[in-house]
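This report refers to the structure that appears directly beneath it.
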Amino acid sequence: MAAMLGYMATARTTITLDQGLLDEVKQQASQAHRTVSDFVGESPRGRLSSMRRQPEPFTLATVDLGGYKPDVDISDNASLRDVMDEE
């Protein structure tokens with residue numbers, strides 16, 4: 001219903017800040033011509049928004065090791081062990 005009326009529902013809460021942080025928040029809010037509530041509300045909203053972003057797709061770097069040896073039967077464990085022991 002709140003969204004249909006064009007405003008966001010709010011809830012009142014109490015947070016505890018040390019005096020130095022509160023003074024800085026008040027100063028920054030004043031410089032931005034915003035209320036302390038609006039200024040403080042931006043931080044969690046921005047943090048939550050960044051947490052919802054999808055991570056970059058994982059890419060696996062590959063390295064060319066020179067291919068395979070044509071005389072090795074990879075279905076024969078004994079043959080593979082012999083070749084590995086030679087190297």
Side-chain angles (χ1 to χ4, degrees):
M1 172 110 175
M4 292 186 330
L5 296 175
Y7 65 91
M8 216 184 310
T10 60
R12 187 176 191 109
T13 190
T14 302
I15 59 171
T16 304
L17 303 174
D18 65 68
Q19 191 60 49
L21 179 58
L22 179 59
D23 292 342
E24 188 174 348
V25 166
K26 285 180 177 181
Q27 179 183 8
Q28 293 294 324
S30 175
Q31 288 175 357
H33 304 288
R34 313 222 31 207
T35 66
V36 171
S37 292
D38 286 343
F39 187 83
V40 171
E42 287 176 358
S43 180
R45 195 172 286 115
R47 175 76 177 184
L48 291 171
S49 175
S50 68
M51 292 172 70
R52 284 188 218 109
R53 291 189 189 125
Q54 295 296 322
E56 292 293 320
F58 177 77
T59 56
L60 182 62
T62 59
V63 179
D64 183 4
L65 298 175
Y68 63 93
K69 294 187 176 189
D71 57 332
V72 177
D73 180 5
I74 62 170
S75 64
D76 180 2
N77 288 340
S79 174
L80 287 173
R81 270 194 307 272
D82 291 342
V83 171
M84 290 171 31
D85 287 342
E86 290 172 8
E87 296 176 3

Residues forming a side chain to side chain donor-acceptor pair (under 3.5 Å) with Gln31, sequence neighbours excluded:
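Checked Gln31 against side chain to side chain donor-acceptor pair (under 3.5 Å); zero matches.
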Please enumerate all residues that pass side chain to side chain donor-acceptor pair (under 3.5 Å) together with Ser79, with sequence neighbours excluded.
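Not a single residue meets the side chain to side chain donor-acceptor pair (under 3.5 Å) criterion with Ser79.
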Considering residues at least two apart in sequence or located in another chain, which fulfil the side-chain contact (heavy atoms from CB on, under 4.5 Å) criterion with Arg81?
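Result, side-chain contact (heavy atoms from CB on, under 4.5 Å) vs Arg81: Asn77, Ala78.
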In chain order, what residues pass the side-chain contact (heavy atoms from CB on, under 4.5 Å) check against Ser37, with sequence neighbours excluded?
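Ser37 satisfies side-chain contact (heavy atoms from CB on, under 4.5 Å) with Thr35 only.
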Through direct or indirect side-chain contacts below 4.5 angstrom among Ile, Leu, Val, Met, Phe, Trp and Tyr, which residues connect to Phe58?
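Same cluster as Phe58: Leu60.
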Quick one: CD on Glu24 to CZ on Phe39, what's the gap to the nearest 0.5 Å?
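The CZ atom of Phe39 is 8.0 Å from CD of Glu24, to the nearest 0.5 Å.
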Exercise answer: donor-acceptor pairs, residues 13-20 side-chain atoms, under 3.5 Å, sequence neighbours excluded:
unit_1: Asp18; atom_1: OD1; unit_2: Gly20; atom_2: N; d: 3.1
unit_1: Asp18; atom_1: OD1; unit_2: Leu21; atom_2: N; d: 2.8
unit_1: Gln19; atom_1: NE2; unit_2: Asp23; atom_2: OD1; d: 2.8

